[in-house]
Amino acid sequence: MQPRPNHGSQPVFCTIVPPHLLDKLSQADDPVLAEPARRTLEADGARRHHRRVTALARTPGARASSDPVPAKPHRTLYDCRHGTDLPGVKARDEGDEPTGDASVNRAYAGLGATFDLLLTEYGRSSIDGKGLPLIGSVHYDEKYNNAFFDGEQMVFGDGDGEIFLDFTVAIDVIAHELAHGLTQYTANLAYQGQSGALNESVSDVFGSLVKQYSLGQSADQGDWLIGAGLLAPRVSGVALRSMKAPGTAYDDDVLGKDPQPASMDDYVETDEDNGGVHINSGIPNRAFYLLATALGGNAWERAGRIWFDVLTGGELAQDASFRDFAMLTVAAARHRFGEGDEAEAVLKAWSEVGVPTR
Ligand SMILES: [Zn+2]
């Protein structure tokens, strides 16, 4: 058994719906809206604390280095049947026919699409590069308004049906959470401040890339939204976050307004949310969107490749700032594509969001 490459920083416990949003929702006058949000916040808080104690001691799915690296995913889906014991009852194993449960089938497909993009486009077998089995549990808890990756597996709630719907409906959410695993096994960006916002942004980037890849969309066809389809019809909003226009994903009586900045001019200094990791991620998110759409074609081919190279290249510090990351993307673009359009477009994208590249 090999230890997980965690270089001493706190393990990431990312929930796709950030605490600041659930906090707002828990203050709603209507208990039908406030109660599930309050319970979700409480459960997430307890789980966050629990993880600090246990996560580093666990070594899931470790393989001997002599084993061949698998070229196929190994997915197992479980059904929590609205309880909180993980992983739950086995519902679909790799290669099984689809079940009668749409949540199970969507999660299975989402894990498969993420594996497929990593292997086919970037030559990486699963999130650890060694074919790590992918595990997901659906129907977690009652009216649970979140989805998360706990360092070992994916977990999806059904939502309360009032504000949030079933969290398996958004393939980018599935890929976002798995991408936290990819980061954990590579750059291991510390989940605080700018490096934490980069950690979040990298997950949004690969979340969106997996969605576009699975739909066969070019950069100009992608919606560049995170969590489209997750918000119930009563909510005034289109998604949890917008990469193309951070700050515009929702503006709602109950949820408030999307707090993401689109450039460094509006950078948010806060102690909440690990220093605004789900807030300031809007800045590198938009830089990626600007790059991908400037280059055109499939976003995962050039823009995605540059980001993947930085994440896995070994030079990205765990406490990297936006500027550190931006400088490495310029170097990665030159290294892979030479002094061409790509490097120019990378410089321009960061300049537009106000992040220096030198
Ligand atoms: Zn996240």
Side-chain angles (χ1 to χ4, degrees), residues 6 9-23 40-41 43-45 47-48 51-52 55 107 110-111 114 118 127 134 136 140 144-157 159 164 167-211 224-228 230 239-243 246 249-250 258-261 268 270 272-286 288-289 307 311 316 318 320 322 325:
N6 191 312
S9 67
Q10 289 288 2
V12 170
F13 177 68
C14 168
T15 51
I16 192 73
V17 180
H20 64 76
L21 207 160
L22 288 171
D23 197 45
T40 302
L41 263 179
D44 292 351
R47 194 164 276 283
R48 234 171 233 116
R51 258 184 69 65
R52 290 203 184 102
L111 296 176
T114 307
L118 288 176
I127 54 178
L134 301 175
Y140 178 77
Y144 181 68
N145 275 337
N146 233 330
F148 61 88
F149 177 73
D150 73 354
E152 285 188 46
Q153 70 157 102
M154 295 281 325
V155 181
F156 304 92
F164 293 104
F167 280 78
T168 61
V169 301
I171 190 170
D172 46 296
V173 165
I174 300 172
H176 171 106
E177 293 299 337
L178 266 186
H180 278 302
L182 175 64
T183 298
Q184 173 183 309
Y185 279 101
T186 54
N188 198 25
L189 289 159
Y191 205 58
Q192 182 69 40
Q194 289 200 4
S195 61
L198 287 167
N199 193 321
E200 270 305 311
S201 176
V202 161
S203 273
D204 280 351
V205 162
F206 285 100
S208 199
L209 289 180
V210 168
K211 180 172 182 178
W224 297 99
L225 298 170
I226 300 299
L230 271 190
L240 292 173
R241 291 186 283 280
S242 170
M243 298 179 70
Y250 57 87
D258 175 2
Q260 284 210 312
V268 178
T270 174
E272 309 276 301
D273 184 30
N274 290 57
V277 295
H278 292 91
I279 296 174
N280 292 313
S281 55
I283 296 166
N285 274 359
R286 182 157 160 265
F288 185 84
Y289 160 79
W307 255 237
L311 189 69
L316 184 61
Q318 286 181 44
F322 286 0
F325 187 88

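Ligands are counted one by one from 1 in listed order, and the atoms in each one are counted from 1 as well. Bear in mind the structure is a predicted one, so any value in this text is a computation, not a measurement.
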Run the side chain to side chain contact (heavy atoms under 4.5 Å, CB included) test against [X] and tell me which residues pass, sequence neighbours left out.
{"X": "Pro284", "result": "Leu198, Ser201, Phe322, Trp350"}
{"X": "Ser203", "result": "His176, Ala179, His180"}
{"X": "Ala147", "result": "Ile16, Phe156, Phe167, Val173"}

- Item | Number of protein N, O or S atoms [distance to the Zn ion (ligand 1) under 2.8 Å] | 5
- Would Gln260 and Ser281 satisfy side chain to side chain donor-acceptor pair (under 3.5 Å), going step by step from the backbone distance to the final call? CA-CA 7 Å; Gln260 284 210 312; Ser281 55; 3.0 Å; yes
- Please assess Thr40 against Phe164 for the test side chain to side chain contact (heavy atoms under 4.5 Å, CB included), listing each intermediate value before the final yes or no. CA-CA 12 Å; Thr40 302; Phe164 293 104; over 6 Å; no
- Query: Rounded to the nearest 0.5 Å, what separation is found between the CG atom of Asp204 and the CH2 atom of Trp224?
  - Reply: 11.0 Å
